[in-house]
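Heads up: the structure comes next, in structure tokens.
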Amino acid sequence: MYGNDFPGEDPPGGLLGEVEAAEAALRAAAQQDRDAAGPGTDLAAYFAQVVDADQKIEPRDWMPEAYRRTLIRQIAQHAHSEIIGMQPEGNWISRAPSLKRKAILLAKVQDEAGHGLYLYAAAETLGISRDELVDLLLDGRQKYSSIFNYPTLSWADVGAIGWLVDGAAIVNQVPLCRCSYGPYARAMIRVCKEESFHQRQGYEILHVLAHGTPAQRAMAQDAVDRWWYPSLAMFGPPDGDSTHSAQSMAWKIKRFSNDELRQRFVDMCVGQAEVLGLAIPDPGLRWNDERQAYDFTQPDYAELMRVISGDGPCNRERIAHRRRAHAEGAWVREAAAAYAAKQRNKKKEMVAA
Amino acid sequence: MNGPFAFTLALGDDALIAAQRLAEWTTRAPEMEEDIALANIALDQLGAARLLLSYAGELEGAGRDEDALAYLREDREFRNCLLVELPNGDFAVTMAKLLVLSAYQLPLYTALAGCPDERLAAIGAKARKESAYHLDHATLWVKRLGDGTEESHRRMQSGIDQVWPYAHELFAARPDTPVDPATLRAEFDAAVGAVLAEATIAVPDSGWAPAGGRDGVHTEHLSYLLAEMQVLHRAHPGAHW
Amino acid sequence: MSERGERTDRLGAEGPAPLWEVFVRARRGLAHTHVGSLHAPDAELALHNARDLYTRRQEGVSIWVVPASAITASSPDEKDAFFDPAADKVYRHPTFYEVPEGAAHL
């Protein structure tokens with residue numbers, strides 16, 4: 001699960017200057033000869049050609065430094081989102097109301113750990129180690145999707161996360177399957193395939209609740225009321241305020257703008273909400289015949305910025321939980337490493353003897 | 001409580017409570033890969049629990065399904081062994097618990113696969129493959145922790161020391177059941193003994209053999225575990241989920 | 001041993017667990033296919049992790065794990081000069097290949 005709502009730059013340093021420089025370099029490269037069949041001597045031009053032709057950039061290809069760093073940042077934040085995203089739903093595994101729901105939820109949260117690992121591996125092809133990335137997360141130097149800083153207060157929240165949060169993530173992720181960077185595109189294909197069941201299970205949970213007892217129905221509506229606007233915010237700030245969008249689109253890391261994807265999500269949800277018999281908490285929601293799309297109320301972007309900057313309801317808990325698990329596991333990781341070293345030495349001694 | 005019902009219920013409760021404890025590790029494992037592994041084992045246990053509890057409900061013939069048995073019984077009505085309800089402790093305690101549990105479940109399910117009751121035989125045939133994997137995984141970690149660093153050795157020894165007394169209850173004789181657990185003890189001792197020896201872990205020498213789970217007399221831990229597991233289901237009587 | 005090999009060999013006492021490339025035979029009659037990579041301190045753990053990570057949805061598969069450091073890559077177009085010093089991690093290629101038909105959930 002992954003949103004698009006990250007701040008324009010990583011807190012220390014900032015990539016904006018480099019992005020601009022790379023953009024200029026790219027433009028310059030594109031002006032040069034593009035007829036060469038192979039990389040030749042003008043690697044920047046060749047890179048642009050490959051991207052323009054909708055081919056994939058692979059780890060050993062030359063790439064602009066800013067492209068590499070943008071991808072590392074985006075893939076890492078995506079991976080962090082999967083790992084942190086396990087917590088809000090994991091919160092309900094122990095209390096799932098039937099054994100079937102318990103099994104499904106456990107499998108879903110487990111999938112998210114798997115997706116985090118696929119994505120860390122994709123980021124590693126860009127020349128950074130998973131350990132470094134984990135440190136960046138734990139130190140707060142890299143972000144994760146703001147949506148996971150909201151609490152899961154009832155079982156219906158598990159349904160709302162599946163329907164709305166996974167739904168928004170899918171709208172956001174599907175275009176990433178066509179991302180210009182091969183390993184990321186391939187990871188996304190695998191993630192999207194596996195996630196297809198996630199949204200459906202959430203929708204099913206809400207459907208059962210909405211057609212259950214009055215208390216269950218109220219629980220479902222309350223969850224939708226709380227998760228609707230944070231889900232819209234997952235697509236990030238409006239296009240005018242989105243610092244990285246233009247360059248990422250040119251590089252085909254990103255394929256559609258935040259607002260385009262948000263609109264697509266809203267249009268998708270309206271009919272689904274009707275089938276559920278639950279209300280979308282937006283009095284301004286209505287069909288616009290001219291635009292052939294729904295008009296809707298924008299999420300509170302000031303709130304989004306507050307949550308991103310660390311002041312959401314659960315930011316501190318989420319990171320503290322991750323830090324604790326990492327710290328408490330250190331002795332186990334050390335033991336496994338020590339054991340592996342001992343076994344290797346034993347083998348060497350046997351060979352020597 | 002009739003014999004086949006009580007027997008099946010006890011196995012189902014073992015698996016259910018083990019799953020509940022293992023799932024507590026989710027988002028907390030020492031490494032992300034291990035988070036996935038523990039969830040897999042929890043899912044296996046939960047799957048076996050659902051098959052066993054569903055069948056137990058049929059054997060009882062009182063119209064109780066897997067959820068009625070899981071969510072609507074009090075702790076005194078649970079028949080799981082004490083081992084599975086013990087808190088997870090650190091990773092070494094969890095691996096000690098998993099080693100003992102899987103080294104018991106593997107020969108049990110294997111024997112069950114050959115028993116005359118076709119339903120139990122089918123469940124045994126499916127679950128024994130999973131148990132073999134659980135035993136493999138526990139073995140792998142007990143060896144690494146036992147023969148890893150000084151700290152991990154100390155923790156692994158302590159984990160086995162804590163868990164070992166609870167192994168005896170698993171093998172209490174029940175000659176009137178499809179598989180008498182007492183007949184499995186020798187295989188268990190051989191398997192676990194070999195693992196502990198390789199892990200440089202001493203087999204504890206203690207005469208203490210806490211028991212009572214099969215009669216519904218549990219540790220103080222079970223009631224808390226059930227309170228959490230059952231809270232939502234019980235708050236909405238008769239609701240579907 | 002290559003530079004990368006030495007680097008991997010040194011790991012274990014401290015530092016990150018080595019990288020392994022994972023190959024899975026989805027079903028009988030098919031070749032093992034590269035499905036991705038993972039970290040593990042040794043081969044046995046790598047195999048367990050590979051089973052849990054890459055075959056969560058399917059039984060009856062055969063898995064190979066290979067130390068990434070043992071892979072020699074041919075890449076005639078490669079221009080090493082353009083890689084930054086961290087590029088010795090370039091063997092970390094998780095390529096999440098499409099799995100053949102019939103193994104959709106692999």
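Letters A, B, ... are given to chains in the order of the sequence lines, protein chains preceding strands, and every chain is numbered from 1.
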Just checking Trp241(B): does its CH2 atom have more than 12 heavy atoms from other residues, nucleotides or ligands closer to it than 6.0 angstrom?
yes

The single option from Asp35(B), Asn40(B), Ile41(B) that satisfies side chain to side chain contact (heavy atoms under 4.5 Å, CB included) with Asp52(C) is Asn40(B)

Separation between NZ (Lys143(B)) and CD (Glu44(C)), nearest 0.5 Å, reads 4.5 Å

Residues of residues 95-110 of chain B with a heavy atom under 4.5 Å from any heavy atom of chain C, in residue-number order, are none

Leu45(C) side chain reached by Arg144(B) side chain, heavy atoms, under 4.5 Å:
yes

| query | How about Gln230(B): does its CD atom have over 12 heavy atoms from other parts shown lying under 6.0 Å from it? | reply | yes

Separation between CE (Met32(B)) and NE2 (His39(C)), nearest 0.5 Å, reads 9.0 Å

Rounded to the nearest 0.5 angstrom, the CG-NE2 distance for Asn49(C) and His137(B) is 7.5 Å

